[in-house]
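Okay, so here's the structure we're looking at.
Each chain gets a letter, A, B and so on, in the order its sequence line appears, and its residues count up from 1.
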Amino acid sequence: MELRLYDTLTRDKRPFTPIDPANVRMYVCGPTVYDFAHIGNARPVIVFDVLFRLLRHLYGEAHVKYVRNITDVDDKINDRAARDYPGLPLNEAIRKVTEQTERQFHDDVDALGCLRPTVEPRATEHIGEMRSIIEKLVAGGFAYVEQDHVLFSPSAMNAANGVLPRYGSLANRSLDEMIAGARVDVAPYKRDATDFVLWKPSKPGEPSWPSPAGIATPGRPGWHIECSAMSWKHLGETFDIHGGGIDLVFPHHENEVAQSCCAFHTERMAQTWMHNGFLQVEGEKMSKSLGNFITIRELLATNKFGGRSWDGATLRLAMLKTHYRQPIDWTVDALHEAEKAILDWSDFAKDATPVRCDEVIAALTDDLNTPKMIAELHALRRAGKADELRGAMQLLGINPVVRAPVDLDATAKSLIEARTAARANKDWKESDRIRDELAAMGVVLKDGKDADGKSVTTWELAR
RNA sequence: GGCCACGUGGCGGAGUGGUUACGCGCCGGUCUGCAAAACCGUUUACUCGGGUUCGAUUCCCGACGUGGCCUCCA
């Protein structure tokens, strides 16, 4: 089965051919660990988890390496640490913040049914690789030292001959366009407005490491260099797939390409660039100021969104209802719809034996067409193919939702008995009154018949 | 201002140069004492204006609208 993926760089969908089918390599930009991940953060995590699962299915579990970094050096982390642990030395406080946030992140994405990546490297454990790349860039004439900063020069990159890509090719804009569009003052240590920071000096008390390029003052890395360093360490100079949110295309991924290709003299950093679209909440951009900011944890464990909590599988299916490159509108209605399907499938396939389903896989191989895939799941349900449905759910990480068995209190039980008696006497008025009373208590009755045609009443709790 | 993406039936959301998406909802039916649940069935679409074509929702141009990037951001 041929896998086709859309590449942001070439802006077309084409057959995916791994550099080495025995070692398919994917890198995805992961979280900056300073606070709970929000539902927008969950989108790339889920989307690329589905791709990871598909690649494992196509090439074998042992032949796919998925790297998702953890950014644990950042101003936001420093601010958070100083705020939350004012009594501690900054470095100690930072470690508390990053360790705790990393745990929370893992708990959340586990609940969403995501597999752990093969490697989750931390930025602070790859400072040596970052320094090494920076040294190569300075030696190659692509970067320069100024006021204890090391800066990358896109114009030097574009002036160089050879195999290098043109700076701006991923973001599809020229250097001139970037200069024209720049709306911030150019820092005094920059030669050109488009130069970006590879390394910067640390203020006293901030995390710091020995600086590269002969700089005496200890410093810390710029934002973009970590991904070049970690992908190099764990995947090599070039690899197959690089993913992330579409907002990362510029400047983050453009700069990664510049760093890696110039350091290693390569034509491409990744063979395929994949970017998921943005998420809105109830038709509006999610923001703290609008009051619609929502974390994964709040969806899973509080009543903040839609007045109730939601299963991880419901959130996952709701996320996959929209193709990953489209913008998605995160709504309560969509969650209700996803939950209806999850509960129905879970019950329908609860005793099934998972078997593979080629139609579902075929939908995914078309650039992760998850809406088509979901249509195939509905088709399996309609056709009564429980084993295939169960197998497809398993492959996709959609874990069946099983409600913990609950018991009714004595009052409700006696009411049900009283109603059964009333029905036996054809006292419909009393029967309906009791049914309404139970409904008000949140107990929904279902009248049916057993195999012998005898009247049977079952119940369930309303949600 | 520059660049990019998108605009499908009541709603969500795929896809295609000529044929059923799918789901939710609505409506109808079966079932039921009546409902609910369940099952079955029906219904409605391709922003607007040009162009290419035997034929366009699908390709091209333009308009309008929405969103994103250009600054930290999934």
Between Glu102(A) and His106(A), is a side chain to side chain donor-acceptor pair (under 3.5 Å) present by the stated rule, with each step listed?
CA-CA 6 Å; Glu102(A) 193 179 317; His106(A) 279 142; 4.6 Å; no
Between Gly40(A) and Pro327(A), which has a closest nucleotide on RNA chain B that is more 5'?
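Counting from the 5' end, the first nearest nucleotide belongs to Pro327(A).
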Earlier contact from the 5' end, RNA chain B, for Gly277(A) and Ile328(A):
Ile328(A)
Run Trp273(A) and Arg268(A) through side chain to side chain contact (heavy atoms under 4.5 Å, CB included) and show every step you take.
CA-CA 10 Å; Trp273(A) 288 85; Arg268(A) 294 187 130 194; over 6 Å; no
Distance only, no hydrogens: is a donor on one side chain within 3.5 Å (strictly under) of an acceptor on the other, for Glu226(A) and Asn69(A)?
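Their side chains do contain a donor-acceptor pair, which is all the 3.5 Å distance test asks for.
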Nearest-Å distance, [atom1] ([X]) to [atom2] ([N])?
X	N	atom1	atom2	value
Glu284(A)	rG67(B)	CD	P	10 Å
Ile434(A)	rG33(B)	CD1	C1'	15 Å
Arg11(A)	rC3(B)	CZ	C1'	10 Å
Asn276(A)	rG67(B)	CG	P	19 Å
Leu279(A)	rG12(B)	CG	C1'	14 Å

Classify [X] by what it touches in the nucleic acid, base, sugar-phosphate, or nothing, heavy-atom distance under 4.0 Å.
X	result
Gly244(A)	sugar-phosphate
Ser431(A)	base
Asp74(A)	nothing
His38(A)	base
Arg325(A)	nothing

Less than 3.5 Å between a donor and an acceptor, one on the side chain of [X] and one on the base of [N], is that the case here?
X	N	answer
Arg435(A)	rA36(B)	no
Asp432(A)	rG33(B)	yes
Asp447(A)	rA35(B)	yes

[options]: which one has an atom nearest the side-chain heavy atoms of [X]?
X	options	answer
Glu337(A)	rC24(B), rC70(B), rA74(B)	rC24(B)
Trp428(A)	rG33(B), rC72(B), rG67(B)	rG33(B)
Lys446(A)	rA74(B), rC70(B), rA37(B)	rA37(B)
Arg423(A)	rG23(B), rA74(B), rG33(B)	rG33(B)
Lys285(A)	rA74(B), rG33(B), rC69(B)	rC69(B)
Phe250(A)	rC70(B), rG33(B), rG25(B)	rC70(B)

Looking at Arg103(A) and Glu99(A), is there a salt bridge between them, counting it only when a charged N and a carboxylate O are closer than 4.0 Å?
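Salt bridge flag = no for Arg103(A) with Glu99(A).
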Examine Arg173(A) relative to Phe250(A) and say whether NZ or CZ is less than 6.0 Å from the centre of the six-membered ring and inside a 45° cone about the ring axis.
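So Arg173(A) does make the cation-pi contact.
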For Arg382(A) and rG23(B), is the shortest distance between a side-chain N/O and OP1 or OP2 below 4.0 Å?
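True: Arg382(A) side-chain N/O within range (under 4.0 Å) of rG23(B) OP1/OP2.
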Report yes if at least one side-chain N or O of Arg381(A) is closer than 4.0 Å to OP1 or OP2 of rC39(B); otherwise report no.
yes
rA74(B) base stacked by Phe278(A) (centroids within less than 5.5 Å, tilt under 30°)
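So yes, this residue stacks on that base, both cut-offs being met.
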Candidate list Arg382(A), Arg381(A), Lys350(A), test salt bridge (charged side-chain N to carboxylate O under 4.0 Å, His left out), partner Asp344(A), passing option:
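Single salt bridge (charged side-chain N to carboxylate O under 4.0 Å, His left out) partner of Asp344(A) among Arg382(A), Arg381(A), Lys350(A): Arg381(A).
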Shortest non-hydrogen separation from Phe105(A) to Ala37(A) and the atoms involved
CD1-CB, 4.0 Å
Over 60° means perpendicular and under 30° means parallel, so tell me whether His38(A) and Phe293(A) are parallel, tilted or perpendicular.
perpendicular
Close approaches to RNA chain B from residues 366-378 of chain A, in residue order (heavy atom, under 4.0 Å):
Asn369(A), Pro371(A), Ala375(A), His378(A)
